[in-house]
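For this chain, numbers begin at 1 and follow the sequence in order.
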Amino acid sequence: MGTASGFDARAFRSALGSFTTGVTIVTTRDRDGAPVGITANSFNSVSLDPPMVLWSLARSARSLASFANATHWAVHILSAQQEALSNRFAKSGSDKFAGLAVEAGHGGAPLLAGCAARLQCRSAFQYEGGDHLILVGEVLDFDSCELPPLVFQSGRYAFAARRAGQLSAAADASPAIWREDHLGYLLGRAWFQFYGRIRARLDAHGLSDADYFALTTLVLQDGASLEGLNEVFAYSGVAASRERLQDLAVRGLLETRGAHDAPRFHMTEAGRRLTLELIAAADAIEADALQACGSLEAEALRHSLRHLIRSTDPGLPDLWTPDSQRAAP
Ligand SMILES: Cc1cc2nc3c(=O)[nH]c(=O)nc-3n(C[C@H](O)[C@H](O)[C@H](O)COP(=O)(O)O)c2cc1C
């Protein structure tokens, strides 16, 4: 499909999409006082003094008349956890504000919560912009917080990751003290608080950390030897012993097969049932812990941890690769 200028419209849109942006929701009130809002990534800063910003609104938008006539509007720079809100305000005409708590900003413009920043504007200028109307606003008031922003890239939501250089520059600026944002501290404390809740479940079943690690490994690698098991979770500093595994066998959770001096450990039905129950409990604890972050932030966290594991791996065996398929060192 071509445009009046002869461009292929899809290719033009795709080229523009390679410009990575944040995502905003712009709100106002219509003539009758009803709240109006639209998701927009055409937002940009214009001037610091006087403080001014702009965005562009499709002439086909249902909200065109409301924004064209508005004396005030508010730009909400969305945080990473507001993807669902962005989708809600990108649907034309629906009751976008249903169930949302809003405050009244300048000129009555509805203010949404949970954003990375909010800019309350007086409508200053409007310009022709082809099939869009360009709106320039003078910023009367703003607030912001440290929430990570929602990002839009080539038609999809994304998350922003700071480059290592910037982080270390910030670190260099601070004196050599035990910082609150030290990665070792953050990882250790997060693990301690997260695993503490799982351990409470283990205590209720009279299981140690090593029992839990052995059982959850055997679910994936049934028939492993003691050495094979310990190799898999050696990184944790926890080791299973033959005595503990024999205890689990006495409890009917495992059974031993093979040579007496080199037994292989197999799950019994009761062992599998208990382990799957513990894994389901761990999943629920995880879901609960991640509830405070949105799905994007949770995905960003997993991504960063996987990256960190890969980049610091001294060559540990992978729990998800069975013994038999591991490459020889
Ligand atoms: C990430 C994203 C960015 C968008 N940016 C704009 C924009 O800058 N301007 C615009 O007019 N529409 C934009 N849209 C589309 C509008 O949000 C969408 O057409 C909305 O349904 C219009 O609402 P209305 O018809 O109720 O006014 C965007 C949509 C998404 C998902």
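- The two atoms that bring Gly206 and Arg244 nearest to each other are O-NH2, 4.1 Å, heavy atoms only.
- Although no hydrogens or angles enter the test, the distance criterion places a donor-acceptor pair under 3.5 Å between the side chain of His76 and the main chain of Leu112.
- Between the side chain of Gln120 and the backbone N or O of Trp73 there is no donor-acceptor pair closer than 3.5 Å.
- Side-chain atoms of Glu243 and Asp247, non-hydrogen and from C-beta on, never get closer than 4.5 Å to each other.
- Thr39 places no side-chain N or O within donor-acceptor distance of the main-chain N or O of Ile25, the cut-off being under 3.5 Å.
- Put simply, the side chain of Ser79 never gets that close to the backbone of Cys115: no donor and acceptor are under 3.5 Å apart.
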Discussion item. Working note: Arg59 + Glu128, criterion salt bridge (Lys or Arg N to Asp or Glu O under 4.0 Å); need CA distance, chi angles, decisive distance, verdict.
Written reply: CA-CA 10 Å; Arg59 292 199 171 273; Glu128 290 301 313; 3.0 Å; yes
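- Heavy atoms only, all atoms of each residue included: Leu226 and Ala240 are closest at CD1-O, 3.5 Å.
- Atoms OG and CZ, on Ser18 and Arg13 in that order, are 13.5 Å from each other to the nearest 0.5 Å.
- In this structure, Phe152 is not a member of the same hydrophobic cluster as Ile38, with clusters built from ILVMFWY side-chain heavy atoms closer than 4.5 Å.
- The shortest side-chain heavy-atom distance between Leu57 and Ile134 does not fall under the 4.5 Å cut-off.
- Between Arg88 and Glu83 no salt bridge is recorded (no basic side-chain N to carboxylate O distance below 4.0 Å).
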Discussion item. Apply salt bridge (Lys or Arg N to Asp or Glu O under 4.0 Å) to residues Arg264 and Glu255 and explain how you reach the verdict.
Written reply: CA-CA 8 Å; Arg264 297 262 164 186; Glu255 60 185 31; over 6 Å; no
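- Smallest separation of non-hydrogen atoms from Val219 and Thr275: CG2-CG2, 3.3 Å.
- In this structure a side-chain-to-backbone donor-acceptor pair under 3.5 Å is missing from Ser14 to Arg10.
- For Arg251, the CZ atom sits in a packed shell: over 12 heavy atoms of surrounding residues, nucleotides or ligands are nearer than 6.0 Å.
- Of the charged side-chain nitrogens involved, none lies within less than 4.0 Å of a carboxylate oxygen, so that Glu277 and Arg272 do not count as a salt-bridged pair.
- A distance-only check finds no donor-acceptor pair linking the side chain of Asp283 to the backbone of Ala280 [under 3.5 Å].
- Between the side chains of Ser86 and Tyr157, at least one donor N or O lies within less than 3.5 Å of an accepting N or O.
- Counting heavy atoms of neighbouring residues, nucleotides and ligands inside a 6.0 Å radius, atom CZ of Arg189 does not exceed 12 of them.
- Asn69 is listed as a side-chain neighbour of Arg31, based on a closest heavy-atom distance under 4.5 Å.
- Once rounded to the nearest 0.5 Å, the distance linking CD of Gln82 with CG of Leu150 reads 8.0 Å.
- Residues Phe97 and Phe89 bring their aromatic ring centres within 6.0 Å.
- Residue Arg201 comes nearest to Leu278 through the heavy atom pair CB-CD2, 4.3 Å, listed as atom of the first residue, atom of the second, then distance.
- Between Leu54 atom CG and Gln126 atom CD the span is 12.5 Å, to the nearest 0.5 Å.
- For the residue pair Trp55 and Phe43, the shortest heavy atom distance occurs at CB-CA, 3.9 Å.
- When the side chains of ILVMFWY residues are joined at heavy-atom separations under 4.5 Å, either directly or via intervening members, Ile285 and Leu187 end up in two distinct hydrophobic clusters.
- Of the residues listed (Asp143, Thr24, Thr27, Asp141), the one engaging Arg118 in a side-chain hydrogen bond (donor to acceptor under 3.5 Å, both in side chains) is Asp143, and it is the only one.
- Distance alone, capped at 3.5 Å, places no donor-acceptor pair between the Ser45 side chain and the Val53 backbone.
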Discussion item. Evaluate Thr21 against Asn44 for side chain to side chain contact (heavy atoms under 4.5 Å, CB included), listing each step before the verdict.
Written reply: CA-CA 9 Å; Thr21 66; Asn44 223 318; over 6 Å; no
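- In this structure a side-chain-to-backbone donor-acceptor pair under 3.5 Å is present from Arg29 to Gly108.
- Between Arg197 and Asp288 there is a salt bridge, since at least one side-chain N of the basic residue sits less than 4.0 Å from a carboxylate O of the acidic one.
- Using a distance-only test at 3.5 Å, with no hydrogens or angles considered, a donor-acceptor pair links the side chain of Asp313 to the main chain of Leu316.
- The cluster map of Ile, Leu, Val, Met, Phe, Trp and Tyr, joined by side-chain heavy atoms under 4.5 Å apart, puts Val26 and Val23 in different clusters.
- Here Phe7 contributes atom CZ and Phe12 contributes atom CZ; the two are 6.0 Å apart, rounded to the nearest 0.5 Å.
- A donor-acceptor pair is defined here as one N or O able to donate and one able to accept, closer than 3.5 Å; no such pair exists between the side chain of His205 and the backbone of Leu207.
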